[in-house]
Amino acid sequence: DKGGWSSFMAKEVSEEPEAVANTIRGRVRDGQVVVPELDGMDALFADISRIIVIACGTAAYAGAVGKYALEQWTRIPVDVELAHEFRYRDPVIGPDTLVVSISQSGETMDTLMAVKYARERGARTLSICNTQGATIPRESDAIVYTHAGPEVAVASTKAFVAQITALYLLALHVARVRGTVSSAEGEQHVRELEAVPEKISQILDREQARIEEFAGWMADTRSVLFLGRHVGYPIALEGALKLKEISYIHAEGFAAGELKHGPIALIEPGQPVFVIVPSPRESALIHSKVVSNIQEIRARGARVIAIAEEGDAAVLPFADEVLRIPLAGPLMEPLLAVVPLHIFAMGLATAKGLDVDQPRNLAKSVTVE
Ligand code: M6R
């Protein structure tokens, strides 16, 4: 039931705040993350020396965001790999490896086969999944459910923010067990994560109509580029995937630092480029590098749409549009910056008169390899 919305995707984007809030609920005790499903597994987390995250599509981008938090908070090295690449390259894994799979449906065949392969090779497996009792969690040693609620639209939106949330909870849980984050720091990260749903709601309230309006003007656009750095990089990839998927427009995401290594050759007058601008409070250096990327592409005629935190004035002289996201704690920006990109993809597909819920050639759950 679309509950009065024009599409399931529109409904599911509107549910992004609850998806995050419901995934956190019940997993914070005395200000610290304690995931009840992981009770009794402290020895497992004490023993591992590597984490490999495997997933496909949007779930893999959630994994790529989660890597930053997992490494920063647990100090365990993390690799993120597409599930269908992982099992065909004889990976070096064993009992000290925790393989974390991420899947909304829990039925993606590529991911399932990779999980089975990891288990056969002696690795420990943990599944982050949105569907109770699905096959992938049943094949895994441990499960952390995302509580995004059923996702019907083929394009994954609310499950994505719930997956990042679950990865952050996992990171804080493991960091607590291993003692790599103090309880004061842990508490601070929890507070920042708990503040995210309200901030997503603010973006929906303040920016949705404006984004839909300019997405409407761009209905004839043939190509859109997305740039991001650090945690903004996987968000750029997600923005591009969503646009290809439902609006059939050529879209590509790049690491902003790669520009001068090739992609800047694509910039010609009028080329729309979304840039996810990192918070200057988090790293003045990374922020200044992305602002100079914006200047470089602007000088070549790009039409720049910046996603920047409130009060960041450095982008103003160089951006054609600035989409504002509220100030948030370190590593929380991806959970906010993705929201305008989901709205944009949906707005553009709608302006083109396409079925946003059922894009051509795609299935909600890919149950063949
Ligand atoms: O159900 P899963 O999370 O395992 O699905 C993985 C991908 O097929 C999925 O995220 C796909 O990329 C989406 N259609 C993206 O919007």
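These numbers come from the heavy atoms of this one structure, side chains and all, not from hydrogens, waters or symmetry mates. As the structure lists them, so they are numbered: ligands from 1, and atoms in each ligand from 1. None of the values given here were measured: they were computed from a predicted structure.
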For Ala59, atoms of ligand 1 separated by under 4.0 Å from a heavy atom: 3 (O), 10 (O)

Ignoring hydrogens and geometry, is there a side-chain-to-backbone donor-acceptor pair from Ser283 to Ser279 under 3.5 Å? no

Could you check atom 8 (O) of ligand 1 against the protein and tell me its nearest heavy-atom contact, residue, atom and distance included? Val366 CG2, 4.2 Å

Say whether, by atom type as modelled, one donor and one acceptor occur between the side chain of Arg121 and the main chain of Ile93 under 3.5 angstrom. no

What atoms in ligand 1 come closer than 4.0 Å to a heavy atom of Gly57? 12 (O)

Same apolar cluster (I L V M F W Y, side chains within < 4.5 Å links), Ile297/Val277: yes

Test of understanding: clusters of I, L, V, M, F, W, Y form through side-chain heavy atoms closer than 4.5 Å, transitively. Do Val53 and Phe86 belong to the same one? no

Atoms of ligand 1, numbered as shown, that sit under 4.0 Å from any heavy atom of Cys56: 6 (C), 7 (C), 10 (O)

Parallel, tilted or perpendicular: which one describes the rings of His173 and Phe45, with boundaries at 30° and 60°? perpendicular

Within-shell test, Val154 vs ligand 1, heavy atom, strictly < 4.0 Å: yes

Look at Arg25 together with Glu18 and state whether they make a salt bridge at an N to O cut-off of under 4.0 Å. no

Run the numbers for me: atoms of ligand 1, each under 4.0 Å from some heavy atom of Lys242, listed by number. 15 (C), 16 (O)

Do any heavy atoms of Ala155 fall under 4.0 Å from ligand 1? yes

How far is atom 5 (O) of ligand 1 from its nearest protein heavy atom, and which residue and atom is that? Thr108 OG1, 3.5 Å

Is Leu327 reachable from Ile307 through a run of I, L, V, M, F, W or Y residues, each pair having side-chain heavy atoms under 4.5 Å apart? no

I need the atoms of ligand 1 closer than 4.0 Å to a non-hydrogen atom of Ser105, numbered in the order shown. 1 (O), 2 (P), 4 (O)

Is Glu238 salt-bridged to Lys242, going by a charged N under 4.0 Å from an acidic O? yes

Which of the numbered atoms in ligand 1 are under 4.0 angstrom from any heavy atom belonging to Glu245? 13 (C), 14 (N), 15 (C), 16 (O)

Close-contact set for ligand 1 against Gln104 heavy atoms, below 4.0 Å: 1 (O), 2 (P), 3 (O), 4 (O)

By number and element, which atoms of ligand 1 are closer than 4.0 Å to a non-hydrogen atom of Ser156? 15 (C), 16 (O)

Which residue holds the protein heavy atom closest to atom 9 (C) of ligand 1, what is that atom called, and what is the gap in Å? Thr58 N, 4.1 Å

